[in-house]
Amino acid sequence: MAVRLHPQVTVAGLGDGGVVLHGDRPAAAYVGPTALGWLRGRAPAAGQEGEYERCVRMWESAGFVTTGQQTPPASSVPTEVAARVALLTVVHPTLVVAVAEACGFCRQLRADLAANAKVLQDLRASVVLVEDGRCTVLGLPAPPGLAPLAEGLARSGTPSAVLLVPGAAPRAAMGYDQVSAVLIELTGGRCGGVLVEAPTNCSVKVASHPVDGLFAVRCGDGRLLGLATRGEQAREAAGPLASVPHPGYLPVTLIVERPANLYLLFRGGELLTRARTAEELAETLGRVLAGFTALAEGQVTLGCGTLVHPRGQAVLFPRNWMSDLVVRAARLQRVGWRIRPEPHAVLLPGGLLQVTGAGATMPVAAAWASPLGGPPTRARYLAQVVNWLVRPAPRAAVNAMAAIARELTVHTGTWQDALAHLTAGPPP
């Protein structure tokens, strides 16, 4: 069976095993020494054929490899025909979106649409959300009979959509990112000019509560970002920071609220800070926005959390620990550790962390990885660390991060284990 790596997939060795990583989407897997050899072109030894074929099927289903033997996808002709028929009934741009209640991406999309209610009131187009045959129309009225089209779209996953514009061919959009991009364009925005971050389970929970303010703020790379607020005090604190006029659709990336005596800043589902004053909030928000920058040659950008110590050492940790550690930031600060709110950790050659300040760097002393199933080998945990790479990740960045990881000290455990370790004595 001839196996060929997907053009955007990189295989990197990590000592006793390695990692296979897709550079365009968050997909990666640990591979043992034998499987690593197969991915690098080595033929299976006698008696290994069954295991080899099983691995190839798994890699193929994950999009890591192609064999030329994939089952052809279900025909999209019925959906294409339905879209062209529906196109005859629309008199203005109409976006038909298939959604599902059990889909976290769909719940985030609904929350974004609710936050953008004022924008959608003036929309010179229709947005039709279809779930289980029921249609919810936003913007201008839409013609009846669009539910069957959405049912065909839903078979490819949700959210999925098709844009119907009189005089143009139907245009499909798959997934939260693409559907959000179409909504940005429909409301006058520029594709690529607005930050769109895929939601997580935690972000969907945070976004499920209504917001009452939405502002456009500018990132370090020039893109606009949706900053939402809950409550008058949060709106008063965040409003002066948002000086960028933008009448179009903005997916919600950051949320500010003040439920008691602290300003809380969320990025998706992550709590980034608990600020006592509006000035502290502004300082943290400025650092977060500046952290969304374009990749520079030779840099490795990770979507993980970072702790830094005045002694000049940094520790990396899984991003989903962020909220728990921020709540316990005072305990960490008592022994010198500070949590960086920046959205990414930027590593330079040699594993140096780029920190605030012109040319300032700090060595990464260790990384913490979450417990995994299977044998607890070092290469398994290194594969988890390499998968922190922000996508898109070019092959050079994957290989550079693998080289950095091979030299890292890696601890394994929960955030509670990391907190106990970091506060027990001198760093790290």
Can you tell whether the side chains of Glu197 and Arg267 come within less than 4.0 Å, N to carboxylate O?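 A salt bridge is present here (some side-chain N lies under 4.0 Å from a carboxylate O).
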Residues Arg274, Glu280: salt bridge by 4.0 Å N-O rule: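 Salt bridge: no.
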Considering only residues two or more places apart or on different chains, which pairs with a residue in residues 374-389 satisfy side-chain hydrogen bond (donor to acceptor under 3.5 Å, both in side chains)?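 Listed once each, the pairs are Asn387-Arg391.
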Keeping to residues at least two apart or across chains, list the side-chain hydrogen bond (donor to acceptor under 3.5 Å, both in side chains) pairs with something in residues 26-44.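 Applying side-chain hydrogen bond (donor to acceptor under 3.5 Å, both in side chains) to every pair that reaches into residues 26-44, excluding sequence neighbours, yields nothing.
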By side-chain hydrogen bond (donor to acceptor under 3.5 Å, both in side chains), which residues pair with [X], not counting sequence neighbours?
{"X": "Glu283", "result": "none"}
{"X": "Asp417", "result": "Thr414"}
{"X": "Ser160", "result": "none"}
{"X": "Gln48", "result": "none"}

Exercise: identify the closest heavy-atom pair between [X] and [Y]:
{"X": "Val196", "Y": "Ser180", "answer": "CG1-CB, 4.0 Å"}
{"X": "Val97", "Y": "Pro159", "answer": "CG1-CB, 4.2 Å"}
{"X": "Asn116", "Y": "Gly248", "answer": "OD1-O, 3.9 Å"}
{"X": "Ala237", "Y": "Tyr263", "answer": "CB-CE2, 3.6 Å"}
{"X": "Phe64", "Y": "Ala27", "answer": "CE2-O, 3.7 Å"}
{"X": "Ala367", "Y": "Val385", "answer": "CB-CG2, 4.4 Å"}

Side chains of [X] and [Y]: does their closest heavy-atom pair fall under 4.5 Å?
{"X": "Leu123", "Y": "Leu140", "answer": "no"}
{"X": "Val326", "Y": "Met322", "answer": "yes"}
{"X": "Leu163", "Y": "Leu186", "answer": "yes"}
{"X": "Phe105", "Y": "Pro199", "answer": "yes"}
{"X": "Leu353", "Y": "Val346", "answer": "no"}

How many angstroms lie between [atom1] in [X] and [atom2] in [Y], if you round to the nearest 0.5 Å?
{"X": "Leu265", "Y": "Leu272", "atom1": "CG", "atom2": "CG", "result": "4.5 Å"}
{"X": "Leu419", "Y": "Leu307", "atom1": "CG", "atom2": "CG", "result": "9.5 Å"}
{"X": "Leu422", "Y": "Trp368", "atom1": "CG", "atom2": "CH2", "result": "6.5 Å"}
{"X": "Leu5", "Y": "Thr66", "atom1": "CG", "atom2": "OG1", "result": "8.5 Å"}
{"X": "Tyr52", "Y": "Arg57", "atom1": "OH", "atom2": "CZ", "result": "11.5 Å"}

Flag for Thr67-Glu60: side-chain donor and acceptor within less than 3.5 Å: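 Judged by distance alone, the side chains do pair up.
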Do we see a donor-acceptor contact under 3.5 Å between the side chains of His92 and Ser126?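 Short answer, yes.
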Side-chain donor or acceptor of [X] paired with backbone N/O of [Y] under 3.5 Å:
{"X": "Asp16", "Y": "Ala379", "value": "no"}
{"X": "Trp415", "Y": "Asp324", "value": "no"}
{"X": "Arg338", "Y": "Leu332", "value": "no"}
{"X": "Ser323", "Y": "Leu271", "value": "yes"}
{"X": "Arg395", "Y": "Val9", "value": "yes"}
{"X": "Arg319", "Y": "Leu302", "value": "no"}
{"X": "Thr187", "Y": "Tyr249", "value": "yes"}

Who passes side-chain contact (heavy atoms from CB on, under 4.5 Å) against [X], sequence neighbours left out?
{"X": "Val85", "value": "Val81"}
{"X": "Arg190", "value": "none"}
{"X": "Ala12", "value": "Val19, Asn399, Ala402"}
{"X": "Val90", "value": "Leu87, Thr94, Pro143, Leu164, Pro166"}

Taking only residues at least two apart or on different chains, which pairs with a member in residues 107-126 satisfy salt bridge (Lys or Arg N to Asp or Glu O under 4.0 Å)?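 Sorted result for residues 107-126: Arg110-Glu131.
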Side chain to side chain contact (heavy atoms under 4.5 Å, CB included) assessment of Leu109 paired with Val179: CA-CA 9 Å; Leu109 181 66; Val179 174; 4.0 Å; yes
Parallel, tilted or perpendicular for Phe292 and His344, by the 30°/60° rule?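 Aromatic pair Phe292/His344 classed perpendicular.
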Neighbour count >12 (heavy atoms, 6.0 Å) for atom CD, Glu51: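 Above 12, so yes.
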Result block: side-chain N/O donor-acceptor pairs under 3.5 angstrom for residues 211-223, not counting sequence neighbours:
{"unit_1": "Asp212", "atom_1": "OD1", "unit_2": "Gly231", "atom_2": "N", "d": "3.3"}
{"unit_1": "Asp212", "atom_1": "OD1", "unit_2": "Arg235", "atom_2": "NH1", "d": "3.1"}
{"unit_1": "Asp212", "atom_1": "OD2", "unit_2": "Gly231", "atom_2": "N", "d": "3.0"}
{"unit_1": "Arg218", "atom_1": "NH1", "unit_2": "Gly222", "atom_2": "O", "d": "2.7"}
{"unit_1": "Asp221", "atom_1": "OD1", "unit_2": "Arg223", "atom_2": "N", "d": "3.1"}
{"unit_1": "Asp221", "atom_1": "OD1", "unit_2": "Arg223", "atom_2": "NE", "d": "3.4"}
{"unit_1": "Asp221", "atom_1": "OD2", "unit_2": "Arg223", "atom_2": "NE", "d": "2.8"}
{"unit_1": "Asp221", "atom_1": "OD2", "unit_2": "Arg223", "atom_2": "NH2", "d": "2.8"}

